[in-house]
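In each ligand, atom 1 is the first atom listed, and ligand 1 is the first ligand listed. Only this structure's heavy atoms are used, side chains among them; waters, hydrogens and symmetry mates stay out.
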Amino acid sequence: MNSTLKPKQADNDAILVINCGSSSVKFSLIQPATGNTLLSGLAECLLTDDARIKIKIAENKDVIALASPFDHQVALDALVTTLKQQNLTDDIIAVGHRVVHGGEYYAEPTLIDENVEQTIKQLSQLAPLHNPANLIGIKACQNAFASLPQIAIFDTAFHQTMPEKAYLYGLPYHLYKEHGIRRYGFHGTSHYFVANQAAQQLNKPLADCNLISAHLGNGCSVTVIKNGKSVDTSLGMTPVEGVMMGTRSGDVDAGILIHLIERLGYSSEQLDKLINKESGLLGLSQLSNDCRTLEQAMLEDNNAQAKLALEVFCYRIAKSIASFSASLTDLDGLIFTGGIGENSDWVRNEVVKQLSLLNFALCPEKNQATRFGKSGNIAANSARNCWVIATNEEWVIAEQSNALLQQLAR
Ligand code: ADP
């Protein structure tokens with residue numbers, strides 16, 4: 001894998017990458033010099049009776065059962081114990097943390113000190129589910145690895161290059177100036193990674209590339225990249241705006257929320273649950289938020305509601321891609337990534353067939369064959385490039401943490 005890193009001092013030096021979500025912790029131990037992942041895993045359903053942790057060391061997958069329900073700290077303690085048992089702790093030179101919201105403060109990888117921690121805490125107002133969990137991960141790793149630098153890689157950082165006209169809402173300006181109400185965008189690490197990979201395919205520097213990337217997972221976002229920089233993205237101040245997602249609504253007329261409060265008596269808590277947890281693919285299909293389940297129901301059982309949900313999902317993505325083309329005068333290609341983007345040939349086809357005005361068209365065989373971790377260009381001959389690229393946010397966090405360490409050592 002190509003990297004923008006300076007050469008590393010020692011091949012076996014490794015970065016521990018931590019991604020603490022509200023009910024999960026993803027982790028990997030990555031050697032930036034070789035690109036090897038020495039250990040990876042996931043603790044999920046934290047704080048419920050189903051809490052569990054899976055740790056993969058080389059090709060062996062260990063499922064460690066812990067007294068449930070257990071929390072982030074217990075999961076991280078289990079990780080540290082495994083790292084020690086495997087004699088891997090001595091090679092760790094830093095811990096890189098995914099932090100969801102960096103507001104307008106952080107556009108670059110940042111060494112975490114007390115001030116940075118305070119700012120991440122303050123920004124919890126904008127990401128109440130994510131930043132507090134990220135801080136738990138930071139604290140736990142500070143306890144476990146007191147001598148190691150802790151580095152924050154912000155999900156919002158890549159989008160800090162958006163111009164005012166893209167990040168401002170049509171709301172009174174003082175709400176932005178006094179309360180930070182603006183669009184920030186998320187999934188920045190993923191969009192940055194796949195854009196770099198596309199630049200390599202094009203054999204030109206990222207700074208010369210104009211791309212649109214669609215990260216389609218449980219959360220979904222579309223980003224437009226002009227001369228290598230994010231100039232607009234579909235997620236906004238919170239991860240609800242933009243295209244429809246697994247359980248999140250995406251764009252709705254803001255007046256609907258007032259209607260729900262005034263006419264149907266919704267509380268803020270109920271609204272929050274409605275737009276974040278009960279909408280999107282799940283809400284429309286009344287079946288599942290999982291794209292695989294819906295495709296199966298549509299294709300095998302002729303389930304009309306599943307088909308409808310998937311059609312709305314794809315139309316909204318196509319509209320978002322088409323509208324973002326307004327930011328560009330030239331377009332090198334479209335990228336699909338994330339669990340759905342990397343695996344669903346049906347969704348890719350349904351999206352791209354609505355983009356023929358932009359000269360997008362897929363080769364059906366290549367589209368069908370490029371799944372389950374395979375990357376490649378799936379465009380039809382003479383159509384505009386359309387790549388499937390498996391994202392690797394962990395790799396970016398390791399790479400950028402390592403680059404910061406080298407910069408600080410100079
Ligand atoms: P997250 O945003 O939680 O990281 P992922 O990027 O893992 O999520 O994406 C999860 C989504 O990917 C789910 O909707 C899942 O159904 C979908 N997905 C995974 N594999 C396939 C597949 N083979 N076909 C269609 N959708 C898939």
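We find the OG-CG distance between Ser285 and Asn303 to be 7.5 Å, quoted to the nearest 0.5 Å. Atom CD1 of Ile30 and atom OG1 of Thr37 lie 4.5 Å apart (nearest 0.5 Å).
Near Gly219, meaning under 4.0 Å from any of its heavy atoms, are these atoms of ligand 1: 2 (O). Each of the atoms 25 (C) of ligand 1 lies under 4.0 Å from some heavy atom of Ser344. Under a 4.0 Å criterion applied to the non-hydrogen atoms of Gly217, ligand 1 contributes the atoms 2 (O), 5 (P), 6 (O), 8 (O), 9 (O). Listed by number with element, the atoms of ligand 1 under 4.0 Å from a non-hydrogen atom of Glu295 are 25 (C).
Atom 26 (N) of ligand 1 has its closest protein heavy atom at Cys291 CB, 3.7 Å. Considering only non-hydrogen protein atoms, atom 24 (N) of ligand 1 sits nearest to Arg292 CG, 3.6 Å. In terms of protein heavy atoms, atom 5 (P) of ligand 1 is closest to Gly339 N, 3.8 Å. Lys26 NZ, 4.0 Å is the protein heavy atom nearest to atom 4 (O) of ligand 1. In terms of protein heavy-atom proximity, atom 3 (O) of ligand 1 is closest to Asn218 ND2, 2.9 Å. Protein heavy atom closest to atom 17 (C) of ligand 1, with residue, atom name and distance, is Ile340 CG1, 3.6 Å. In this structure, the protein non-hydrogen atom closest to atom 16 (O) of ligand 1 is Asp290 OD1, 2.4 Å. Nearest protein neighbour of atom 20 (N) of ligand 1, counting heavy atoms only, is Asn343 ND2, 3.4 Å.
Checked for salt-bridge contact, Lys26 and Glu44 miss the test: no charged N lies under 4.0 Å from a carboxylate O. For Arg371 and Glu342, the salt-bridge test fails: no basic side-chain N is under 4.0 Å from an acidic carboxylate O.
Between Tyr106 and Phe154, the ring planes are parallel. Angles under 30° get that label, and only those over 60° would be called perpendicular.
Using a 4.0 angstrom heavy-atom cutoff, Gly246 does not count as in contact with ligand 1. The closest approach between Phe372 and ligand 1 falls below 4.0 Å for a heavy atom of the residue.
Screening Ile112, Ile151, Ile153, Val17 for a side chain to side chain contact (heavy atoms under 4.5 Å, CB included) with His97, the sole residue that qualifies is Ile112.
Remark: His101 engages Tyr184, Phe186 in a ring pair (Phe, Tyr, Trp, His ring centres under 6.0 Å) (not counting sequence neighbours).
More than 12 heavy atoms of other residues, nucleotides or ligands lie within 6.0 Å of CD in Gln122, so this atom counts as buried by the packing criterion.
Pairs of residues two or more places apart, or lying in two chains, that qualify as side-chain hydrogen bond (donor to acceptor under 3.5 Å, both in side chains) and include a residue from residues 224-239 are His159-Ser230, Arg183-Asp232, Thr223-Thr233.
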